[in-house]
Structure formats: C-alpha cells, structure tokens
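Heads up, the thing below is written out as structure tokens.
Counting convention: from 1, in listed order, for ligands and their atoms alike.
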Amino acid sequence: MSDATAKKEERRKFQAIRGTRDLLPPETALWSHVEQTAHEVFATFGYGEIRLPIFEQTELFARAVGGDTDIVSKEMFSFADPFNPDDMVKTMVQQALQLGLGVELKHFEQAVQQSAEDKIQFLSLRPEATASVCRAYIEHNMQQLPQPVKLYYMGPMFRRERPQKGRYRQFYQIGAEILGGTDAPGIDSEVIEMLMTFFDKVGLQGATLYINSIGHNGPDCRRAYIGALYNALLKNKDQLGPDSQRRIDTNPLRVLDSKLESEQAIIATLPHIADHLCDGCKTHYAEVKRQLEVRGILYQENWRLVRGLDYYMRTTFEITAPGLGSQNAVCGGGRYDGLVELLGGPPTKGIGFAIGEDRLILSLQESGKGQVQQGRDIYIAWMGEKAYATAIRAAKDLRKAGFSVELPPVEQKFGKALGQADKLGAKYALILGDNEVSEAVWTLKTLSTGEQAKFPEPDLLEFLRKQKNVS
Ligand code: HAM
C-alpha cells in the first residue's frame, strides 16, 4: 500500500452500512411514542410481551418461512458458527465431576476439541419473528398454559433487500401472535380489530385494510386452485417476465404478487381462489368478514393477496398507508395453523401480524402526525457561584417534577444564555442572578412572548405545573 493510500485509509470515515440507519432525536421520541402505544393497546387485549433472540438456526427460518421464498433463498444474513470448544469442555468436565468421575483435563480437552472442530452450526439474523415465537412456544411448553397464548414483540429484523424509501436491510417490526386454542373467526377478526385500534390511537390516517382467504393446503381447496392457476399461467407463459416464468414452477401463487405493469392484464384473467375454497374455508372466510362488520371495521377484499411467506393458510391481510410510494404495506399478517407442528410441536392454531415500524413512522411524518415535543421546558440562565448552587438545586427539583431542564455547566452572560435557550427551543428561561438568590424570588421568562414574571420559589413550581397541565 502506498503512503498516500495508507493516509487516506487512516482518515476514512466510517458510515452506517447501506440499508441500515441511525435513528436520532428528536425522531426517536416518535418511535418511543409508537412503541408505548403498542404496549398499552396490546395489553388491553390481553397480550404479553415476548423478547426473542436476534439470531436463530438458519433451518428454523428455512422450514417456517419456506426455502423457495425470496426471504430465505436470497435475503437472509447467515453465517457459520463453530461450537465453542472451550464451553463444551467446561460443561463436560463439570458433568464428569458431578458424577464423581476423576478427569484428566488435558486428555478430555483434546478429545472434545477434535469433535467440536468438526461441528459447525448455521445461524441467521432473523428476517421475521413468527418462526421464533413458534419455536419459543414449543421450547417453553406453552401449550400447557391456558390457551390461546397471546404474545407481542418489537425489534429489528434483517433482510438483504435492495434499499429504497421504506425498505431497509435492518428494519423494525411490531408484531403479535395468538397461538393455541380455537381457529374461530372471532380470533381472526379480533386480531385485526386490535391492529386497527392501535393504528387509530397512533393517528395513522388513510390506512386501508385488505383481506383474503387462501384456503388450506388440501386437494379439495388450495391445491386444486394452484393446479388451475398453473394451467392458466402455462397458457400465458410467453407474455410473462422471467421472474413470473420461474415462479410458475416454484410458487405459482407468487405470480399474483407481481407489480410489473406488462403482466397486469394477464393476471386479471387468472382464476380466483375464492371459487376454489372448500366448504370449511369458505364458511370461515365468510364469518371473518361478517365479524369484521360487527366490529365496525372497514375492509376491501383483494383476491391477489397471497403473501410472501409459505406458512399462511385461510385468512391473510395487509394494510397500506399513504405517503410511502411503492413500499406502501405498513402491516402484513394471517393465519398459520400447522406451523407449530411443522417445527416439531403439537398441532396448534396460529394467527398474527407484523407492522413495519419504519413505514408507520414515515407515514405519520408525511401526514404531519409525526410532530413530537421538541426542546426543553426550562433553560436555567445563572450567573455567579451562589446562583450556580441554587440553579443545581432548582434543576434537581424541576426534573423531579417531570420537567426537562437544561442547566449550562459554565457561567454565561444572560444575553448569551437566553440566545442559547431560544436555540434549544426552551419554553421558559429561569433567570438566577445574585439578586434572585438573595431575595429568594426567581425570574421566569416566557420565551415565546418575552414576558417576565417574578415568583417566590414554591409558587414557581406551582405555576409551571399549572402551565404544563393546560398545554
Ligand atoms: P411481512 O409481510 O414479511 O410479514 O412483513 C411485515 C411488514 O414488515 C411489512 O408489511 C412491512 O411493513 C415491513 N417490512 C418488511 N420488510 C421490510 C423492509 N425490508 N424494510 C422495511 N419494512 C419492511 C412478516 O414478517 C410476518 N412475520 C408477519 C406475520 C406475523 N404473520 C403472522 N404473524
């Protein structure tokens, strides 16, 4: 490496990896508000929070989401992870000691190391969390709890997608799952009701709920439909793009997801799944719709809503919101009876959803609902050693009372301090100079109006409290 290159390399600025972002204040206040609202709304529906690992065995996602899906075949961040030989030795030595066996540590280590070196496990950063929730349900024997078990989660997910507005490689989801018990349509419609209640509470405007039923994987239901769809697609193969042509064989349902303008006319002629549902699935879907109506929830049916993950059956739904361009789905979900069983657990009903938090925030911001309180409540402008001691005490008391307070660490002339208070968007400046301290009467300046008033110390707190309740 030349000197110049080495120097350049030294000065290199690190940047967040493409598709990942730093979330900064004041925007993070909006994120917290959205998350807090989710905690509150979901609790009123009886859900408890589950916190899951960020990475799991690759196989878990491959089996749950499906090996042929885009998520598993192209988008997962995966890595090989050798078992840690040190830990294995420790565990085995401990076990041997517990059993009262004498151990020659050196021999033991050699043997274990050899076997451990041969073993590698494959892990992936989670691209979604439904698979993990089902894994946890099985691992913790949750089928023995009163059913259904209602869980929600929030946190980052990872998919190696092409980044664009509303699409990131690290993005955040807020999701909920109901596992166990019945598959009564009342469950499907209540999950959707909870979702719409949450969106309403955070102030999302113009959200549209789309629903569909993709039936169950039986020969008298979805499989028959896929056969019909396959035949129809084959007839039109030449007019489809390469992606859709490939999907005819790998997953014909996904052709319905295509956004390619040139394919829309052909897709419009394809058979609809509603005409192929078995009686059980037809009745279930009709009842989900009826119960949404009972709950006063508006929806639109979309026969092309098949979703991009393999585990779904019967009810599927998606919610779109304005201001997001082409990535306008803020939430996706559906029923997945059978997934727990597929992962080695007992036959279990399941349904859930995940909200794309990044997109929800974007939509709130675009509609002007993203304003969060900025700036401090009070900036303390102090001058003099004595005043500083009083200012420290005042800051402590005001913070205890819930106000956000900026206390400059070095003395400033009052003019400069007030300018700084303005820049920080403070509502008030509390002015503490020698006079204020000796008279125990403090000066409060309302920065928006320039008004100034004097208060004895206890009255000041009372005044500020009252103002806070009014605003
Ligand atoms: P999904 O449709 O893959 O479903 O993702 C749910 C939501 O996450 C999407 O509607 C979107 O808002 C957001 N999202 C997905 N990928 C990205 C990305 N690259 N950047 C930003 N946002 C994104 C699931 O993940 C299922 N686990 C949902 C579910 C839960 N079904 C049943 N239970």
Side-chain angles (χ1 to χ4, degrees), residues 17-21 23 34 42 47 50 52 56 60-61 64-66 69-72 74-77 125-137 148-179 187-188 191-192 194-195 198-199 204 207-212 214 254 257 305-321 323-340 348-364:
I17 304 295
R18 206 167 108 80
T20 73
R21 325 179 274 159
L23 304 171
V34 161
F42 296 175
Y47 285 68
I50 182 167
L52 299 155
E56 300 258 11
L60 173 69
F61 301 117
V65 177
T69 60
D70 286 352
I71 295 178
V72 170
K74 297 193 227 163
E75 297 169 0
M76 284 210 296
F77 289 93
L125 300 186
R126 60 183 190 189
E128 62 106 54
T130 309
S132 303
V133 173
C134 291
R135 195 252 322 123
Y137 179 87
V149 174
K150 303 182 189 178
L151 299 166
Y152 74 94
Y153 51 85
M154 44 186 81
M157 309 289 155
F158 304 85
R159 296 183 193 175
R160 192 183 279 109
E161 291 194 84
R162 200 166 41 78
Q164 63 180 88
K165 180 180 172 189
R167 190 161 74 187
Y168 311 99
R169 291 182 164 191
Q170 174 172 342
F171 60 98
Y172 295 79
Q173 283 188 344
I174 299 176
E177 316 288 348
I178 294 201
L179 289 158
I187 299 246
D188 307 45
V191 163
I192 295 174
M194 177 168 93
L195 191 53
F198 164 74
F199 279 144
L204 182 69
T208 311
L209 165 69
Y210 295 95
I211 60 167
N212 190 22
I214 58 166
R254 292 302 310 283
D257 259 356
L305 186 62
V306 291
R307 312 268 302 124
L309 302 85
D310 278 358
Y311 48 63
Y312 291 113
M313 53 96 62
R314 289 193 168 169
T315 313
T316 53
F317 54 94
E318 238 167 54
I319 292 159
T320 61
L324 294 171
S326 64
Q327 304 302 313
N328 66 349
V330 277
C331 176
R335 179 163 281 289
Y336 50 82
D337 302 353
L339 177 56
V340 168
T348 308
K349 311 287 183 199
I351 183 167
F353 63 78
I355 297 161
E357 196 178 353
D358 310 70
R359 294 184 191 176
L360 171 58
I361 299 272
L362 263 175
S363 186
L364 290 173

Legend entry - Proximity to ligand 1 by part of Y311, non-hydrogen separation under 4.0 Å: side chain

Legend entry - Within reach of ligand 1, part of C331 (heavy-atom separation under 4.0 Å): backbone

Inset, instruction - Determine whether the side chain, the backbone, both or neither of M157 has a heavy atom under 4.0 Å from any heavy atom of ligand 1. - result: neither

Legend entry - Region of E177 that comes within reach of ligand 1 [heavy atoms, distance under 4.0 Å]: side chain

Legend entry - Listed partners of D257 passing side-chain hydrogen bond (donor to acceptor under 3.5 Å, both in side chains), at least two apart: R254

Legend entry - T316 side chain vs L305 backbone, donor-acceptor pair below 3.5 Å: yes

Legend entry - Pairs meeting criterion salt bridge (Lys or Arg N to Asp or Glu O under 4.0 Å) with involvement of residues 306-318, two or more places apart: D183-R314, R307-E318

Legend entry - Donor-acceptor contact below 3.5 Å, side chain R335 vs main chain T315: no

Inset, instruction - Tell me which part of Y336 gets within contact of ligand 1: side chain, backbone, both or neither, using heavy atoms under 4.0 Å. - result: side chain

Inset, instruction - Would you mind telling me if ligand 1 is within reach of the side chain of L309, the backbone, both or neither, using heavy atoms under 4.0 Å? - result: side chain

Inset, instruction - Report the part of R307 in contact with ligand 1, treating N, CA, C, O as backbone and CB onward as side chain, heavy atoms under 4.0 Å; options are side chain, backbone, both, neither. - result: side chain

Legend entry - Any donor-acceptor N or O pair under 3.5 Å, side chains E177, Y153: yes

